[in-house]
Amino acid sequence: MQRIDYDSLNPEQRSAVLHEGGPLAIFAGAGSGKTRVITYRIAHLIERGVRPSSIFAVTFTNKAAREMRERVESLVGDSARGIWLGTFHSMCGRILRESGQLIGVDRNFTIYDDSDQVSLVRAIIKKLDISDRSITPRAVLSEISRAKEKQISPEAYAKDAMSGFESFVADIYPEYVEQLRKNRALDFDDMVLFALKLLKERADARQAYQQRFQHILVDEFQDVNQSQYGLVMLLGEEHKNITIVGDDDQSIYSWRGADVSLILQFSKQLPDVTVVTLERNYRSTKRILQAAHEVIKHNRSRAPKILRTDNEAGVPVTLTEVGTPRDEAMLIANVIQTGVAEGGRKYGHYAILFRTNAQSREFEEVFRSARIPHVVIGGQRFYERKEIKDMLAYLKVTANPNDTVSLLRVVNEPPRGIGTVTLTKLEEHAQAIPLWDALQSGEFQQALNQKQADAIKKFIRCIQRAREIAESGRVAPVLFELQKGSGYADALRAEDTHESRARLENLQELLNAAQRYDEEPGEHDLVTYLQEISLLSDIDQLIESEDAVSLMTAHSAKGLEFPIVFVAGLEEGVFPHSRSLSAVRGIEEERRLCYVAMTRAREQLHLTWCVHRQQMGFSTSPQLSQFVQQIPTELLTTLVERTKLESARPRTQSVSAYEYQRAQHGRVPSANTETAWNPPFEVGTQVRHPEFGVGFVVHCIPVQDDSEITVAFPGIHGTKKLMNRYARLEKA
């Protein structure tokens, strides 16, 4: 083990790392090196002689857990592999695989992801004959999740149900729990809930885990919910060596059950806690931090802190008003292209953050047209593609044949002639026995025609062979057998279309991923592999090495950083979102979200807003976001020289950034002045395009230092929006 360089830490970091023992609360501002502190603290404990296996370190994403483990390994070597380190769900899954049998949890339980849960609830709604179309599976699941996070049983929920919707949920909730039990499956909430249940109900297990884990460290503590908080406090009850690291200013997940008050409650529950505040930022420039602080300081329920940095002042934060979301996307695209072409930047240096997923559409369309490489975080992920979900369902049935949801998904995939009528017969036979057993029963197979019976027998043999191969612990051979033996790959080859070939490539990539998993050091098995896949998030799948602009919501950006960040759509009703405007608590969370978005930027921060936006089918004229209005004028400048973007549109009654700043400060936050604009072509002019031919100009507006020209071409080309600089138009 190499010598750990504690001198590289600042005084506050060193105080936290070298803390001798007892509860420790580290309030770590954005970019203050919290990951470094927690990894150095783990390394310090090992250097002091603490057994790695007695350290329980937990964070919120697999990506963060991987980075933390890699950093610890770089400090202490291979001994870091003995640490219990992962996400809450993965750690609870490990506990339940090890000891869950004590409370009736099968160690080979299946984890139901979002789509599995929706399928199950949809089946229950059908079974209970609930015809109300306003009752959607996702709404029901959201309510059940809230109940589980607060440890409310189905019986207690039914007792307190008030509204009609809650009454429906009260009917579905117990059936949902029962179906999970029958399928030997857990959903994400169950993993924490059952681990907590184990510790509460089994004194022997509680004592064993409390003695085992001498030190508990929790990253991103502002994001814990009630169940996770209870688990941490129970595990650390004996030794009291609990270290929490978090920032109440970055608590943005209340809709997922996170409770920002718990990070403050921790200090009250453990009065002998040592509190360390990390306020030195290593990420952003002074101007970015100043602007972010001017926003977040307006929250009343926060621990007082002001981030400071030794970084340079940097360029000013920019605020730019544009006409529409399309103008906003084109402006940003132009800035990025200029930065790459003339400023030595890479596309991967840029990130565009927005409040809702729907806002990505304009950027995607403009970027595709401009041939700007980009990746949408939160779009369809690799593991959510149909062929991947199908093959993972095959793996789940192999690991746990009692997983009814997965079994029903693949029993006729690829098609084996097992239609709705046959599936109904199968479910009738499965009233008293598991579905897998019913599938193998002679009585059921005799009720089928010969072709169906042969197909079912072939399917069963495929699963049985895969189960035998799985005993080796390797996943890739199991996956290969399933792709081949099920006929799935052959069916795609026979289809022989562009789409089917792409799906085959995806299956090969899944096989490659399984091969890489098999080659990783340590013990592996199919159950563990499926658990890791089930717990992947959008951010875990972000390919950091890809040279592409990142498009994502501000929520998805948590934990990431980029040299240049655009925060788009900063209007009242958009950011902050309209749902938050009626409550102080909602506005404060939106303000924290804005703070998180702003502090993702290292070198440049650009804020944009639109004076026209289509919402709910209507054209609106929103006002500038109150969060931006809280930033002093002297901290802002404009991104580009302002031109008359609205010359071709009717004026609105909205307050523009410039009008607002004139009213508040008597000046515009820019040294630039407005300039006249002369359109390159008048409306009605006949023009020629080298590819599209002759057309007529129907619209022409200024965009940054260029013009957007809308031309109507006859025939198949239709109407095109073209940037004058690149269009090579000439009068016909």
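All heavy atoms count here, side chains included; hydrogens, waters and symmetry mates do not. The chain is numbered in sequence order, starting from 1.
- Side-chain atoms of Thr309 come within 3.5 Å of backbone N or O of Asn281 as a donor-acceptor pair.
- Between the side chain of Arg14 and the backbone N or O of Leu9 there is at least one donor-acceptor pair closer than 3.5 Å.
- One finds the CZ atom of Arg613 at 8.5 Å from the CD atom of Glu362 (value rounded to the nearest 0.5 Å).
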Inset, instruction - Tell me, with the steps shown, if Ser360 and Glu364 meet side chain to side chain donor-acceptor pair (under 3.5 Å). - result: CA-CA 6 Å; Ser360 74; Glu364 291 183 68; 2.9 Å; yes
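- Here the straight-line distance linking atom OG1 of Thr59 with atom CE of Met68 works out to 4.5 Å at 0.5 Å rounding.
- Using modelled atom types, no side-chain atom of Gln269 and backbone atom of Gln265 make a donor-acceptor pair closer than 3.5 Å.
- In this structure the side chain of Phe367 reaches within 4.5 angstrom of the side chain of Ile352, judged on heavy atoms.
- Side-chain contact between Met330 and Met723: present, with at least one pair of heavy atoms (C-beta onward) separated by less than 4.5 Å.
- Minimum interatomic distance between Cys610 and Pro622 (heavy atoms only, all atoms of both residues): O-CG, 3.5 Å.
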Inset, instruction - Take Arg592 and Val596, measure what side chain to side chain contact (heavy atoms under 4.5 Å, CB included) needs, and give me the verdict at the end. - result: CA-CA 6 Å; Arg592 291 194 293 269; Val596 165; 5.6 Å; no
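- The residues Glu149 and Arg146 are annotated as not salt-bridged, no charged nitrogen and carboxylate oxygen being separated by less than 4.0 angstrom.
- Thr318 and His606 share a side-chain donor-acceptor pair at under 3.5 Å.
- Classification of Lys305 and Glu279 as a salt-bridged pair fails, no side-chain N sitting under 4.0 Å from a carboxylate O.
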Legend entry - Stepwise side chain to side chain contact (heavy atoms under 4.5 Å, CB included) test for Leu593 and Phe575: CA-CA 9 Å; Leu593 184 59; Phe575 203 169; 3.9 Å; yes
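- With contacts defined as side-chain heavy-atom distances shorter than 4.5 Å, the pair Asn311/Leu289 does not qualify.
- Panel note: side chain Arg41, backbone Val17; a donor-acceptor pair is recorded below 3.5 Å.
- Salt-bridge annotation for Glu67 and Arg71: absent, with no side-chain N of the basic residue lying under 4.0 Å from a carboxylate O of the acidic one.
- Phe221 and Phe266 have perpendicular rings, their planes meeting at more than 60° on a 0 to 90° scale where under 30° would count as parallel.
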Inset, instruction - Give the C-alpha distance, both sets of side-chain angles, the deciding distance and a yes or no for side chain to side chain contact (heavy atoms under 4.5 Å, CB included) between Ser8 and Arg36. - result: CA-CA 11 Å; Ser8 63; Arg36 190 177 194 197; 2.8 Å; yes
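- Atom CD in Gln290 sits 12.0 Å away from atom OG in Ser284 (nearest 0.5 Å).
- Between Asp547 and Gly348, the shortest heavy-atom distance links the atoms OD1-N, 2.7 Å.
- Not one N or O on the side chain of Arg355 forms a donor-acceptor pair closer than 3.5 Å with the backbone of Gly569.
- The environment of Arg585 atom CZ is sparse: at most 12 non-hydrogen atoms of other residues, nucleotides or ligands sit within 6.0 angstrom.
- Of all non-hydrogen atoms in Asp223 and Lys558, the two that sit nearest each other are OD2-NZ, 3.3 Å.
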Inset, instruction - Could you walk me through whether Thr356 and Gln359 pass side chain to side chain donor-acceptor pair (under 3.5 Å), step by step? - result: CA-CA 6 Å; Thr356 64; Gln359 289 171 261; 3.2 Å; yes
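- Between the His555 side chain and the Thr553 main chain, no donor and acceptor come within less than 3.5 Å of each other.
- Of the inter-residue distances, the one linking Met233 atom CE with Ile244 atom CD1 reads 8.5 Å to the nearest 0.5 angstrom.
- The side-chain heavy atoms of Tyr282 and Asp310, taken from C-beta on, include no pair separated by under 4.5 Å.
- Pairing each heavy atom of Met598 with each of Ile631, the nearest pair is CE-CD1, 3.9 Å.
- The backbone N or O of Asn225 lies less than 3.5 Å from no partner atom in the side chain of Asp259, so there is not a single donor-acceptor pair.
- Counting only distance, with no hydrogens or angles, the side chain of Glu328 and the backbone of Val322 share no donor-acceptor pair below 3.5 Å.
- Side-chain contact between Ile252 and Tyr595 is absent, with no heavy atoms from C-beta onward closer than 4.5 Å.
- Remark: side-chain polar atoms of Glu143 are not paired, donor with acceptor, to backbone N or O of Glu166 under 3.5 angstrom.
- Lys34 is not listed as a side-chain neighbour of Asp247, based on a closest heavy-atom distance of 4.5 Å or more.
- A salt bridge links Arg138 and Asp114; the closest N-O separation between the charged side-chain nitrogens and carboxylate oxygens is under 4.0 Å.
- The shortest side-chain heavy-atom distance between Gln626 and Pro576 falls under the 4.5 Å cut-off.
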Inset, instruction - List the steps, then state whether side chain to side chain donor-acceptor pair (under 3.5 Å) holds for Tyr253 with Glu220. - result: CA-CA 11 Å; Tyr253 295 122; Glu220 304 287 6; over 6 Å; no
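- Salt bridge Asp249/Arg302: present, at least one basic N to carboxylate O contact under 4.0 Å.
- Using a 4.0 Å cut-off between charged side-chain N and carboxylate O, Arg591 and Glu588 make no salt bridge.
- Remark: side-chain polar atoms of Arg287 are not paired, donor with acceptor, to backbone N or O of Val317 under 3.5 angstrom.
- Once rounded to the nearest 0.5 Å, the distance linking CG of Asp219 with CD1 of Ile38 reads 4.5 Å.
- The side-chain heavy atoms of Met552 and Arg600, taken from C-beta on, include no pair separated by under 4.5 Å.
- Across all non-hydrogen atoms, the minimal contact from Gln222 to Ser251 is O-OG, 3.3 Å.
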Inset, instruction - In sequence, state the C-alpha distance, the side-chain angles, and the governing distance for Phe88 and Leu231, and then conclude on side chain to side chain contact (heavy atoms under 4.5 Å, CB included). - result: CA-CA 10 Å; Phe88 267 107; Leu231 181 77; 4.2 Å; yes
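- Between Thr61 and Ala64 the shortest heavy-atom distance is OG1-N, 3.0 Å.
- Taking the six-membered ring for Trp and thresholds of 30 and 60 degrees, Phe363 and Phe354 have nearly parallel ring planes, at less than 30 degrees apart.
- Atom NE2 of His349 is separated from atom CD of Glu603 by 7.5 Å, given to the nearest 0.5 angstrom.
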